[in-house]
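Throughout, numbering of the chain's residues begins at 1 and tracks the sequence.
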Amino acid sequence: MKKETVDLKNVKYYIRTFGCQMNENDSERIAGILASEGAKPSRSLEESDLIIINTCAVREKSEEKLYSFLGRLTSLKKRKKVTIGVVGCVAQLYDSEIFEKKPFVDFIMGPDNYGKLSEIVHSNQEEKISSTSWSQDFHDFPSEKIFRESKISAYVTIMEGCNNFCSYCIVPFTRGREKFRPLQNILQEVREVAQKGFKEVQLLGQNVNSYRDTESKKGFSFLLKEVNSIGGIEWFRFITSHPKNFTLDIAEAMSEAENVCHQLHLPIQSGSTSVLKRMNRSYTREDYLEKICMLRNLMPDINLSTDIIVGFPGETEEEFKDTLSMLEEVRFTNIFSFRYSSRPRTAASRQKNAVPFEEKKKRLIQVQALQKEIQRNFNTSLIGKTMKILCMGKSKKDTQVYSGRNEGYQVVNFKSRDNVIGRFVDVRITSCGPYSLIGEAS
Ligand code: SAH
Ligand code: SF4
Ligand code: F3S
């Protein structure tokens with residue numbers, strides 16, 4: 001049944017985003033579509049006509065966030081006319097099962113379907129709609145329409161999807177196979193944000209290192225050189241890299257391109273070669289260490305961060321210790337660590353040798369305690385140094401204090417006489433904690 005399309009003019013919308021930077025960027029696109037049709041952002045759920053929840057499925061806990069948020073909307077939906085849409089990775093995965101669990105949800109949309117948003121948001125809400133089809137090509141979006149959250153740092157998506165099928169990971173089932181955005185469109189978007197005065201660009205993709213331009217077939221190192229020469233953007237970063245695709249030419253491009261930060265997030269997941277094999281990561285502990293060596297030879301000042309999973313099925317005490325020793329060996333600036341969470345459809349979810357919850361919890365605490373010490377030591381070594389900071393705003397805790405990041409992507413809170421939001425400023429580090437640096441603008 002064909003229904004009349006809603007007039008989005010004067011509709012107040014609210015978007016709640018869970019998950020990774022790509023979801024944040026997708027929400028900025030969704031907001032752009034709504035705003036271009038006259039809808040206005042609303043500050044509270046209470047005054048919204050349209051609520052969109054952009055979801056993450058990467059761990060069980062991420063998925064639960066959707067249901068606890070929907071729980072909050074139950075009474076609102078009873079009280080007033082409001083359209084509720086669930087989009088993103090949970091939507092793609094479970095499709096109309098979400099309607100069965102939460103009948104008050106009006107529409108469901110997967111990541112490849114955002115172009116159909118205005119068609120889907122209907123005035124007449126009698127029929128529920130789900131749109132979770134896959135697309136073979138990268139779904140481009142006019143970048144000038146993106147409704148960006150920050151006016152300082154811009155996300156630019158360069159590819160979407162993943163072909164790796166790490167045995168624990170749900171992403172290939174939510175984002176589909178790799179799709180690359182044409183290089184010319186990426187360069188166009190970077191030029192545009194540079195003209196608008198953005199200072200930093202973060203290139204996004206589930207596996208950016210495997211990037212290939214759809215026309216020229218040129219790879220990620222070429223892309224880095226091209227964006228670097230645009231001018232206007234002082235800091236480029238990119239996320240996420242995969243150790244197996246992180247090759248010498250990329251490291252060289254990073255070290256030669258003056259506007260590409262000497263900072264890299266390179267997820268290792270485990271320090272044990274046998275666990276890495278069971279995870280289907282396609283590299284060994286030694287391969288990873290070689291890459292780190294290559295990076296540090298080219299860029300001695302590089303800041304490295306990583307992701308760690310503890311308690312992967314069958315992970316022995318011995319194997320876990322290899323992860324601890326890896327942290328000591330590499331001395332990352334920052335890590336993101338997680339307890340293994342079994343995800344539907346993944347190969348690891350069919351394994352029977354689960355690590356007990358209490359053991360996973362214990363291992364996570366151990367990882368985090370060790371890393372805390374490494375970070376405290378590293379941060380202490382920075383006291384007295386002056387570094388360039390991009391100021392992102394005021395600190396959340398203290399409005400007298402500004403907050404920003406250094407080239408290594410560490411959080412720096414600092415005092416300044418002038419308002420320096422959106423600017424680069426030299427800050428002298430005076431003290432630190434394990435998770436942030438404290439300083440004064442010079
Ligand atoms: N390459 C991806 C990684 C996404 S998931 C991207 O950035 O798009 C981010 C991290 O979540 C992974 O690196 C991994 O450490 C963790 N993760 C993924 N699946 C997980 C699972 N089933 N249990 C616990 N952690 C998981
Ligand atoms: Fe998931 Fe592995 Fe792909 Fe990253 S590389 S999205 S962890 S399957
Ligand atoms: Fe989560 Fe989907 Fe990103 S599962 S991590 S929102 S790709």
Side-chain angles (χ1 to χ4, degrees), residues 58-59 164 166-169 206-209 238-248 250-251 254 262-341 348 351 353-356 359-382 408-410 434-435:
V58 80
R59 283 169 291 276
N164 291 323
C166 301
S167 64
Y168 51 82
C169 186
Q206 270 76 36
N207 184 7
V208 290
N209 309 144
F238 50 87
I239 194 162
T240 304
S241 293
H242 193 301
K244 86 175 152 62
N245 299 104
F246 196 94
T247 43
L248 178 63
I250 300 175
M254 273 179 89
H262 288 185
Q263 174 257 326
L264 182 67
H265 183 66
L266 195 62
I268 184 169
Q269 315 299 357
S270 165
S272 150
T273 295
S274 46
V275 172
L276 288 169
K277 189 154 200 287
R278 305 206 295 280
M279 286 179 164
N280 193 29
R281 289 291 287 178
S282 320
Y283 56 87
T284 63
R285 177 188 175 99
E286 290 68 33
D287 294 336
Y288 188 91
L289 285 170
E290 262 175 42
K291 305 256 161 156
I292 299 298
C293 212
M294 165 181 92
L295 283 156
R296 286 189 167 146
N297 278 337
L298 286 165
M299 292 168 278
D301 60 339
I302 193 167
N303 282 53
L304 298 160
S305 59
T306 202
D307 291 343
I308 299 282
I309 298 177
V310 298
F312 183 78
E315 184 188 64
T316 62
E317 186 63 31
E318 208 65 15
E319 289 171 329
F320 169 64
K321 289 216 171 98
D322 286 344
T323 295
L324 293 178
S325 70
M326 195 71 181
L327 294 181
E328 284 185 292
E329 210 162 330
V330 181
R331 306 189 84 73
F332 295 99
T333 311
N334 189 19
I335 68 163
F336 300 86
S337 50
F338 313 100
R339 280 190 303 268
Y340 168 75
S341 166
Q351 280 182 233
N353 46 354
V355 174
E359 186 58 34
K360 284 197 280 190
K361 212 167 137 187
K362 200 179 98 194
R363 290 181 187 179
L364 187 66
I365 291 169
Q366 267 181 279
V367 157
Q368 293 179 344
L370 171 61
Q371 181 62 22
K372 193 173 173 183
E373 274 325 292
I374 292 172
Q375 285 179 207
R376 199 194 299 278
N377 287 338
F378 175 63
N379 291 354
T380 306
S381 75
L382 300 174
Y409 212 54
Q410 290 180 285
Y435 307 111

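- Side-chain contact between Ile309 and Met279 is present, with at least one heavy-atom pair separated by less than 4.5 Å.
- Counting only distance, with no hydrogens or angles, the side chain of Tyr409 and the backbone of Thr333 share no donor-acceptor pair below 3.5 Å.
- Ser241 contributes atom OG, which lies 12.5 Å from atom CD of Gln206 (distance to the nearest 0.5 angstrom).
- Side-chain contact between Leu364 and Phe338: absent, with no pair of heavy atoms (C-beta onward) separated by less than 4.5 Å.
- Looking at heavy atoms from C-beta onward, Arg281 lies in side-chain contact with Pro267 at the 4.5 angstrom threshold.
- Between the CD1 atom in Ile302 and the CG atom in Leu266 there is a gap of 9.0 Å [rounded to 0.5 Å].
- Smallest separation of non-hydrogen atoms from Tyr435 and Asn379: N-ND2, 4.2 Å.
- The CD1 atom of Ile250 sits 7.5 Å away from the CG atom of Asn245 when rounded to the nearest 0.5 Å.
- For the pair Lys372 (side chain) and Pro434 (backbone), a donor-acceptor distance under 3.5 Å is absent.
- For Glu373 and Arg376, the salt-bridge test passes: some basic side-chain N is under 4.0 Å from an acidic carboxylate O.
- Of the listed residues (Arg363, Arg285, Arg278), just one forms a salt bridge (Lys or Arg N to Asp or Glu O under 4.0 Å) with Glu319, and that residue is Arg278.
- A donor-acceptor distance shorter than 3.5 angstrom exists from the side chain of Thr306 to the backbone of Ile268, with no hydrogens or angles considered.
- Between the Lys291 side chain and the Pro243 main chain, a donor and an acceptor come within less than 3.5 Å of each other.
- With contacts defined as side-chain heavy-atom distances shorter than 4.5 Å, the pair Lys362/Phe320 does not qualify.
- Every residue two or more places apart in sequence or in another chain was checked for a salt bridge (charged side-chain N to carboxylate O under 4.0 Å, His left out) with Glu328, and none qualifies.
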**Prompt:** Should Val355 and Phe312 be marked as a side chain to side chain contact (heavy atoms under 4.5 Å, CB included) after you check the CA-CA gap, both sets of side-chain angles, and the distance that decides it?
**Reply:** CA-CA 7 Å; Val355 174; Phe312 183 78; over 6 Å; no
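- The minimum heavy-atom distance between Gly311 and Tyr340, with the atom names listed, is O-CB, 3.4 Å.
- Side-chain N or O atoms of Thr323 include one that pairs as donor or acceptor with a backbone N or O of Gly271 at under 3.5 Å.
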**Message:** Walk me through whether Arg296 and Leu304 qualify under side chain to side chain contact (heavy atoms under 4.5 Å, CB included).
**Reply:** CA-CA 10 Å; Arg296 286 189 167 146; Leu304 298 160; 3.5 Å; yes
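- The neighbour count for Glu286 CD, taken as heavy atoms of other residues, nucleotides or ligands under 6.0 Å away, is above 12.
- The heavy-atom pair separating Val208 from Ile239 by the smallest distance is CG1-O, 3.6 Å.
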**Request:** Please test Tyr288 against Leu276 for side chain to side chain contact (heavy atoms under 4.5 Å, CB included), starting from the C-alpha separation and ending with a verdict.
**Result:** CA-CA 11 Å; Tyr288 188 91; Leu276 288 169; 6.0 Å; no
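- Atom OH of residue Tyr283 and atom NZ of residue Lys244 lie 10.5 Å apart, to the nearest 0.5 angstrom.
- The CG atom of Leu248 sits 5.5 Å away from atom CE of Met294, with the distance rounded to the nearest 0.5 Å.
- Relative orientation of the Phe336 and His265 rings is perpendicular, given thresholds of 30° and 60° on the angle between their planes.
- Contacts of Gln269 classified as side-chain hydrogen bond (donor to acceptor under 3.5 Å, both in side chains), with partners at least two apart in sequence or in another chain: Tyr168.
- Atom-to-atom distance recorded for Ile335:CD1 and Met326:CE is 12.5 Å, nearest 0.5 angstrom.
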**Asked** Step by step, would you call Asp287 with Thr284 a side chain to side chain donor-acceptor pair (under 3.5 Å)?
**Response** CA-CA 5 Å; Asp287 294 336; Thr284 63; 3.2 Å; yes
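- When all heavy atoms of Met254 and His262 are compared, the pair lying nearest together is O-NE2, 3.9 Å.
- Side-chain N/O atoms of Asn280 and Ser167 include no donor and acceptor closer than 3.5 Å.
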**Message:** What verdict does the side chain to side chain contact (heavy atoms under 4.5 Å, CB included) test give for Asn377 and Arg331, after you've listed the backbone C-alpha separation in whole Å, the side-chain angles of each residue and the deciding distance to 0.1 Å?
**Reply:** CA-CA 10 Å; Asn377 287 338; Arg331 306 189 84 73; 4.1 Å; yes
